[in-house]
Amino acid sequence: DVALLVRSLKILIKLANTKPVLSALKQDDNPLLDHNLGKLSDDELENEVRKRVGTLYHPTSTCSVVPLEENSVVDPFLKVYGLENVRVADASIFSRIVAGHTVNSV
């Protein structure tokens with residue numbers, strides 16, 4: 001995955017340095033804008049990818065409400081099997097991943 005992200009980053013850097021894109025961008029020397037990424041080696045780009053890339057997904061269905069025999073974590077009342085006074089009440093109880101943003105369903 002990291003190698004693919006490095007290759008993709010190199011393509012984006014190449015596109016960002018084309019005349020049409022450069023003419024639309026304000027150029028300044030702010031180091032936070034990464035105007036010098038194109039000068040980095042593949043190893044340095046890999047370090048940048050590892051430092052900056054993260055997930056934006058919202059995990060769901062890790063404690064879905066299904067019968068205990070199907071390795072469920074919670075019962076239909078959201079009580080955690082085997083524990084007292086512990087409930088799960090978030091997107092992890094979904095039996096299926098929703099098509100939209102999970103926050104709309106929680």
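Under the side-chain hydrogen bond (donor to acceptor under 3.5 Å, both in side chains) criterion, Arg50 pairs with Glu46, sequence neighbours left out. Qualifying side-chain hydrogen bond (donor to acceptor under 3.5 Å, both in side chains) partners for Lys39, counting only residues two or more places apart in sequence or in other chains: Asn36. For Ser95, there are no side-chain hydrogen bond (donor to acceptor under 3.5 Å, both in side chains) partners two or more places apart in sequence or in a different chain. In terms of the side chain to side chain contact (heavy atoms under 4.5 Å, CB included) criterion, residue partners of Ser61 (sequence neighbours excluded) are, by chain and number, Phe94, Ile97. Under the side-chain hydrogen bond (donor to acceptor under 3.5 Å, both in side chains) criterion, Asn17 pairs with no residue, sequence neighbours left out. Lys51 meets the salt bridge (Lys or Arg N to Asp or Glu O under 4.0 Å) test with Glu48; sequence neighbours excluded. Contacts of Ser41 classified as side chain to side chain contact (heavy atoms under 4.5 Å, CB included), with partners at least two apart in sequence or in another chain: Asp43, Glu44.
Under the 4.5 angstrom side-chain criterion for Ile, Leu, Val, Met, Phe, Trp and Tyr, the cluster partners of Ile11 are Leu15. When hydrophobic side chains of Ile, Leu, Val, Met, Phe, Trp and Tyr are connected at separations under 4.5 Å, Val53 ends up clustered with Val2, Leu5, Val6, Leu9, Ile13, Leu37, Leu40, Leu45, Val49.
Residue pairs meeting the side chain to side chain donor-acceptor pair (under 3.5 Å) criterion with at least one partner in residues 69-84, sequence neighbours excluded, do not occur; the list is empty. Counting only residues at least two apart or in different chains, salt bridge (Lys or Arg N to Asp or Glu O under 4.0 Å) contacts with residues 91-106 are absent. Residue pairs meeting the salt bridge (Lys or Arg N to Asp or Glu O under 4.0 Å) criterion with at least one member in residues 10-22, sequence neighbours excluded: Lys10-Asp42.
The distance from the CG atom of Leu78 to the OG atom of Ser92 is 9.0 Å, given to the nearest 0.5 Å.
Both Ile93 and Leu83 are members of a single hydrophobic cluster when ILVMFWY side chains are connected at heavy-atom separations under 4.5 Å.
Looking at Arg87, its side chain never comes within 3.5 Å of a backbone N or O of Val80 through a donor-acceptor pair.
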